[in-house]
Amino acid sequence: MSQSTQTNPGADTAADPLAPTNPITAPAGLKAPVAPVPVGPRRVAKKINRGPIWLKPRFLISGSIVALMLLMAAFPQLFAGFGADPNANCDIMNTNQAPSAEHIFGVDIQGCDYYTNVIFGARASILVGIVVTAISFVISALLGSLAGYFGGWVDTIISRACDMAFGLPFILAAIVVLQLFSERTVWTVIFALALFSWAGGVRFMRSSVLEVRNREYVQASKLLGAGHGRIIKTHIIPNSLTPLLVLQTLGIGGVISAEAGLTFIGIGLTPPSVSWGLQLAAAREYISAAPHLLVFPAIFLTITVLGFVLFGEALRDEFDPKGK
Amino acid sequence: MSTSETLTLPVRADEATATPLMELRSVKQHYPVARHLPVGPRKFVKALDGVDLSLAEGETLGVIGESGCGKSTLARVMAGLEKPTAGQVLFRGQDINGLKGDERREMRRNIQLIFQDPYSSLNPRMSVEELVGEPFAIHPEVAPKAGRKAKIKELLELVGLNPNHADRYPHNFSGGQQQRIGIARGIALNPQMLICDEPVSALDVSVRAQVVNLLDDLQKELGLSYLFIAHDLQIVRHISDRVATMYLGRVVELGTYADVYDRTGQPYTRALMSAAPELRRNDGTDRERIVLQGDPPSPIDPPAGCRFHTRCPMAQAICATKEPELVQISDTHVARCHFATNTPTN
Amino acid sequence: MGTHQLATPAANAATDPADDVLLRVKDLEVEFNTTRGIATAVNGMNFEVKRGQALGILGESGSGKSVTARAIMGILDMPPAHIPRGEILLEGEDLLTVTPKRHRQLVGSRVSMVFQDALTALNPVHPVGRQIGELYRVHRGYSRRDAKAAAIKMMDRVKIPAAVKRVNDYPHQFSGGMRQRIVIAMALALDPVLLIADEPTTALDVTVQAQILELLKEQQEERNMGLILITHDISVVKEVTDQVAVMYAGRVVEHGPTAEVLNRPGHPYSRGLAASIAGEELKGQRLPAIPGTPPDLLNLPAGCSFANRCSFVTDNCLESIPALETIEASRHIDTARHSACFHTPKVLAHVNV
Amino acid sequence: AGTGNNAGAEGEKKLSFQLTEPKSLVPHEDPGSQVAMATCANLMEVNTETQTLEPLAAKSVTSTDAKTWKIQLQDDWTFQDGAPVTANSFADAWNKTATGSNAWQGNGYFATFVGYKDLNPTDGSTPKADKLSGVKVIDENNLEVTLTAANADFPKLLSTSALCPLPEQAFSDPKGYEANPISNGPYQFASWNHNVEVVLEKWDGFKGAAGFSGGADKLVGQIYTAVDAAYTDMTAGNLDMIRNVPATMVSKAKSQLGEESLYEVKTGSKQYTLQIPGYVKGLENPDLRKAISMSIDREAIATSLLQGYATSSDSLVPPSLDSYKKGSCDSCTFDAAGAKALLEKAGGFDGTLIIEHNSTSDQQLVQVISKQIQDNLGIKVQLKPMMGTELEARRNGKKLEGAVFGLWGWSYKSPDQYLSQYETGGDGNVTTGYSNPAVDKLMVAARGEQDEAKSAGLYADAEALIMKDMPSIPLFIPTDFGLRSKCAAMNDSQGDLQFYRAGYGC
Amino acid sequence: MLGYTVRRILQMIPVVIGATFIIFALTFLMPGDPVAALTGARPLPESTVAQIRLAYHLDDPFLVQYGNYMLGLIQGNFGIDFFGRPILGLILERLPTTFALAMTAWVLKLAIGLAIGVYGGLRHGRAGDHFALVFTVIFLGIPGFVIALGAQTVFGVQLGWVDPAGIRAGWPMAFILPALVMAVEASAGLARLTRTSLVDVLRAEYLRTARAKGLSPNRVIWGHALRNAMIPVVTYLGLSLAGMLGGAVLIEAIFNIPGIGGLMVTAINNKEGTVVVGIATMLVLVYLVFNLLVDLLYGIIDPRVRI
Ligand SMILES: Nc1ncnc2c1ncn2[C@@H]1O[C@H](COP(=O)(O)OP(=O)(O)OP(=O)(O)O)[C@@H](O)[C@H]1O
Ligand SMILES: Nc1ncnc2c1ncn2[C@@H]1O[C@H](COP(=O)(O)OP(=O)(O)OP(=O)(O)O)[C@@H](O)[C@H]1O
Ligand SMILES: [Mg+2]
Ligand SMILES: [Mg+2]
Ligand code: NI
């Protein structure tokens, strides 16, 4: 009974480490026939939609929605036809025309083809959604890690700053900030939205970092002499990021809607920019006269939001180290 | 002040003259208890309250004691993860908390810690290769980038893991294998001192022996010193040269394994021994069974006098008032009890 | 070879007066649906417990001890778990087929369970008194006040000092040992006939462990309960139980009187387990270890699941699964021994090498 | 619709109207407020039937030179609490309003009074006087006002709320008065539930002619922050009257509430313009401005986007004014080719035409205009929407960078209200900064001329002169609509829709 | 507990100072002239402008203005607006309305979010869970004003259940619809959080214990799971209530509710710095107080963090 412990696991060449480790295990194909045993009736488990069967389609569906929307944002011409320009070929006399064969989404207030406009609107909306979320994600990840990891006065400063950002009503802050710009483009809107959208994320990140910080693998790394930078980069952030990621994907939709909201109170994007937010805000006055103005961007927006949220969920499962 | 500072600490006979590899001098670690008003007296958890220990090169010192008595704190302080509130932690005669720059890096390389829970001490998002390679990434001087892969492979083989599994993640391994990964990381930098904080507690009995054997082999091969903390008294006895018993932040008994196990000089240690069923059986003589009553006192307000007197079956009046000092029982054996020398050995 | 049925202890027990048998588990199988496939956690489990008897279930991590216990208590998460076959007879009633209502009546009052980690097993937001008292309220329809009084009595019984004062405290305000005692109090509250303790002391240190084991043993004897003690720890089994069942990869590989099995193991795995205790005589030597790791439950080998770690392995082992067979019949059922190995005689002969 | 809210006391004639939260109920502090109009009887007032200006609280207002005005009050008029309305009630009120340090909104109405400067030092020092030297109380019932320059429109000024009288209490207990204002008009203040409603009740002691007061016994000003909410409330039958209905809402109302709910204001009093500040570089050439003007297809926009609720404008004043001359703007008809040619003639335009506008209103209209200019003229046009404060600040600080899109309306019906924008230092002149001595001279003469026909001729001459330089591009005259329930018989007085004058029609 | 509260209140001071400073600075930097907004296109006489600028210290340097403001604030003086009305009065006039709206919305949100979250959590991994997700996300995806206008038309105009606009009907009738819209919009996050938390709790060992005690599924869920599942949700709830107080501008406008939001937007449009800062200060204070309350509540729900 005193086999060398060093050789045993070493012999493990099976594909799965949890599989039998002895190479002399019979291959699965050679399974000895097992006679059925006349014991109690076998209760058949209801097949439930778990695992790959469900996960895959969710990932696929949400992934393709996201991909489609991204593609639309990047290359609207692919969808609207080459040479299409949302502001060209407009005829003011056609204003608010309902959907027809010629204009499948109808015509907008300015007399332009609405389909082209909605397609081109994806860019600004998705850009705002993604960039703002990305910025707030990065800020949250960074500040949250710093606050959670270092604690002490770093934490105090960051936490109080969060309180400030939180306490300031978002609309107020956004209005005030947007007022600072004489010209409002996608980027100014992004700036304003990003400026105050990180506080929740920071808090969130901070609390997950607080949890991770005391994990033993962090201490283990410290013991090896790793510096703070390395610990934050390789241990803290990767292990506390997933919850934040899910939160932020849920937020993308909120951001896109917020862009619409800003436009609505007159401080959002301005023409000739095209965005779903602008379209929705403009459509408001025509809700009964020209409902198509509202319906199409709203559908696109909703699908996009749904896509991102589902994608976030799917991503989380994907990033789960245990792989479920 | 207790006299323990002046007392010659028993060390392994053959090492008595050499400088110990590691030495703790009246180390205290007090954690402030959170309080809500910025006024009033601060309270402290006295996790370590004056610990003196020394450890010779190549020696294994076992540490036992009940939950919360400060064993892990001791491990962290020795590993330099925490700076003690008072006292010194000396590594080859140098205070590890006074080191700077390269010396500090050197110290870091030389003292490593193995954690109790192998899974939680491994970053779940790093592959085995990254995990075992991390020490080298931090100390590139030990293994330059070029030869690193080979070095990692070598290490994995040394701890009995299949090097072909280097690209797998911790959750793909069993507990014993995970602990091997932890050990591989711990020895990657060729340390002289390996502090093992309950390295086998989370492992299955059948795997426990594998890991203990591995530690044994490594000691023989690499000349490591161990501080070995465990609840499993048999394992401690098996692996230790000397054993220290801790109670409420203090060392209450210290001696060779035979001293502590067979000639126990302190009632708490005795209770501990008697509580472990497996020891009773393998011991020639029948141990008297002592089931301690009550719960350990709070380390915030340790009892006056002997800290153990609240639960001690042989407590006398003096125990409640006078704090016992470490009493020398033999060359290699000290115990903190008023009756250390006049109690029957078991 | 389809011989799972051969002379299971349950089969033998059939000759005994049935009222003595509290629990009989027959051919229990539990599977888990996982994303990687179906994991067979319990794979044909057979054992029984009699009134006043303490059965230890030994086995390494993942061998299905807790799953078995949970299956008995009906607290497996289904899904992902499901029980394709088997019977769990509590005093003759099959817990797997009774109505949910009847099941709830039995569980908690006739059979109850002590969990491994008392801190997580207690609801952190309710005072312990309420958690104990709830049993009386639900099963016996006590008033709030009576339930509290009963809870205090129970806490006294498991030796919690100043129970009256502490009945409104929350779990986190107790030390580990006291928490475990509260869990025991909860399990004993309704005078169950059978108590299942799933690693009740693993999370505790030795001195407290001794207290808890003492308490369990004392209560079991006092009430003449059946006790199933699940643990990894051989010494604990030795200390507390009369009978022991050794599990490996979802099935019982050896079963018999505790002292017998542990001193003279008939299955290579039990043998490895018994040997791995670090006796003083082994000081300075290598500890006897069982090499290798347990098999993947998703993909159990065709033959004996211990074969890849076994030093007695032969071709036979790789092809067919050895059944649990009687190895030393006895007039008295309680001293009968069973082992599931093709080489039991050889293993027995090897003893004390 | 329109009756749901009238469930007050049985048979009570109650009308509700759309209101924004007043800053104050004291007319001088918030002269535009509908509440002020209802509670105060001015010296002069427009008769909604004849649409002419008639004395109300005054018996007569006369002048020989249009510079010194004699005002005789009606006999025995009282405030709603019974105190007599005297010449002092007016003089004191005017003095207080004209005092700059009080910062009352009505202050500006007194700028043409002699002595105004003394009350309003521009350097922030304390005023040298506390009374307008141009206002003389002759006796209980007679006043004399001297203006700095002749102005035949003075009687019209007397019809604005800033020139209401104030009772004694307003000076002795200003706080109390603010909370419970008393005036001399047809309705008296009953209650003010802040941000919810202001309730007015008919005052039986009002001695004015029937043409000056409405038919309801009770008027409820329901407070809305946006007209949309008011509209919704009206569709639910909770509101009787709305004014300033946007074009998009008109067609919606037509289909939802029915044709009869629309009240078209008879007199167009507003105008959309694109004003071009003289100081903006690159836009100085009148031909360029004309080209821009010609590139806008007003007809198309009016029929499509504005849904026919506006007419294209071809003059600097609305057609309702006497001085209006059809086609005084010869470059206000759409002619893309002509515009291009003119642009060519002006030497082209290679910069960007910036159009500044208020971001909260008429977005679509500005957009289509800019689009037309851009498309038809082939120049780059950039919109610059901004908040009101910023736009005003840029305007006042002469910091505009391009044309300004805006809507202008009159306070009282007079060409002066429009054309003074192009008179040096005139009202609203700050936007274009247009200055032409010949125009200035004509304006002074026109203002001083009490003969309306002569005056109109002078104004028309001035407009023709201004038009040559086209500092402002006339765009549209919007049709002003009110919305009403069945019970409200709406009225307007020279383009101003005053709720309190509505008759009760149920 | 008292000590904790005191400490927390002390911590609020820098936050209030910081937040007011930021807003003050932002409004100061904002382009435009507050005085210009007083009359619109017809500018006020120069002299009046000068008087106002003087009276409101508009020409003082920024820090002086801020200092004066803070000095006043310490004495509880929020200043007066350009019409001479005390700002505190303006805010307090509208705060109850906003509060009623936010509270109602919050309670509804709680009901909706928790219901959906619990439903999803209990059906974890099954169709119901995904249905709950899609349901909440759809409301997240449709812009708020669309939902608001739709609800207004259907329930206010067509069905006539409530007044479509205004608060004349008083609480609760006037507030239910807008609150519901706010609640529906905001419940997605809560529902997700509750669901996740419940799923975690359902896996907890103490729920096994509860089931092993022979408790009925209802008792297990309501008696043991929910309260634990609420622990991580509570922080979010507190913050969201504070957020709702300041974040209802759109809904207020559509439903004609005279709340803080409208006042704030008007004040910003008119660049009335003191009003804006006053509101912001008030909201920050409210936020901080709620935060504190939540943390105290935390202690009640979770005995482990009892302070
Ligand atoms: N960072 C800390 N802050 C406050 N108290 C601490 C901290 N670390 C440990 N303690 C306290 O110090 C005491 C000793 O803890 P330590 O972890 O060293 O015990 P231990 O002997 O390792 O126990 P175990 O056997 O359970 O691991 C305990 O009471 C613990 O609560
Ligand atoms: N919810 C689950 N989903 C999938 N597999 C499970 C689940 N619960 C248990 N298992 C599997 O069932 C097997 C038996 O687990 P069980 O908890 O019974 O082991 P055990 O003998 O109690 O081990 P330990 O000593 O570690 O408690 C394990 O391999 C485990 O992975
Ligand atoms: Mg420890
Ligand atoms: Mg288990
Ligand atoms: Ni078989």
Side-chain angles (χ1 to χ4, degrees), chain C residues 33 35 66 69-70 72-77 79-80 100-128 130-140 168-173 179 182-183 186-187 189-190 192 195-196 198, chain E residues 1 114 118 120-130 194-195 197-235 237 294-307:
Chain C
N33 274 310
T35 49
S66 300
R70 286 178 191 165
I72 297 170
M73 297 301 291
I75 51 170
L76 278 171
D77 294 321
K101 189 154 174 255
R102 177 71 188 144
H103 192 271
R104 286 203 296 273
Q105 281 169 358
L106 293 173
V107 155
S109 62
R110 300 300 288 167
V111 52
S112 63
M113 180 157 171
V114 175
F115 292 85
Q116 167 173 2
D117 184 352
L119 183 59
T120 57
L122 289 168
N123 192 330
V125 302
H126 293 307
V128 295
R130 192 189 302 169
Q131 297 190 48
I132 300 173
E134 191 176 21
L135 282 158
Y136 293 103
R137 287 175 58 78
V138 169
H139 287 274
R140 300 216 175 133
N168 287 327
D169 282 359
Y170 290 89
H172 71 278
Q173 291 166 306
R179 280 198 285 259
I182 286 162
V183 172
M186 227 153 74
L190 299 176
L195 181 67
I196 302 171
D198 187 1
Chain E
M1 171 107 171
L114 287 185
V118 169
L122 293 180
R123 306 248 160 238
H124 174 224
R126 282 179 262 175
D129 186 14
H130 303 292
T194 310
R195 172 197 167 273
S197 167
L198 186 62
V199 168
D200 282 347
V201 169
L202 286 176
R203 285 200 204 109
E205 199 72 7
Y206 53 80
L207 279 197
R208 282 222 170 87
T209 315
R211 283 191 279 150
K213 278 155 82 174
L215 306 185
S216 65
N218 272 335
R219 204 179 166 103
V220 170
I221 288 161
W222 298 106
H224 288 267
L226 270 192
R227 185 156 155 202
N228 286 288
M230 286 314 292
I231 293 171
V233 178
V234 164
T235 333
L237 281 183
V294 161
D295 287 353
L296 294 178
L297 179 71
Y298 223 87
I300 294 172
I301 291 194
D302 187 355
R304 286 167 295 186
V305 296
R306 209 151 271 185
I307 343 162

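Only this structure's heavy atoms are used, side chains among them; waters, hydrogens and symmetry mates stay out. A, B, ... follow the sequence lines: proteins, then strands. Residue 1 opens every chain.
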Under 4.5 Å from a heavy atom of chain E, the part of C:V138 involved: side chain
Need one label for C:S112: side chain, backbone, both or neither, based on atoms under 4.5 Å from any heavy atom in chain E. neither
Atom of E:P217, atom of C:R104 and distance for their closest heavy-atom approach: CD-NH1, 3.5 Å
Please report the closest heavy-atom contact between C:E134 and E:L215, naming both atoms and the distance. OE2-CD1, 3.3 Å
Atom pair CZ/CG of E:R208 and C:L76 - distance to nearest 0.5 Å: 7.5 Å
Between C:P124 and E:N228, what is the shortest heavy-atom contact and its length? CG-OD1, 3.3 Å
Heavy-atom nearest pair, E:A212 first then C:F115, reads CB-CZ, 4.0 Å
Which distance, rounded to the nearest 0.5 Å, do you find between the NZ of E:K213 and the CG of C:L190? 10.0 Å
If you count heavy-atom pairs within less than 4.5 Å of chain E, which of C:Q105, C:K101, C:Q173, C:H139 leads? C:H139
Side chain, backbone, both or neither of C:H103 within contact of chain E (heavy atoms, under 4.5 Å): neither
Check whether E:A204 gets within reach of chain C through its side chain, its backbone, both or neither, counting any heavy atom under 4.5 Å. neither
Judged by atom type as modelled, is there a donor-acceptor pair below 3.5 Å linking the side chain of E:H224 to the main-chain atoms of C:H126? no
Can you tell me how far OG1 of E:T209 sits from CD1 of C:I75, rounded to the nearest 0.5 angstrom? 7.0 Å
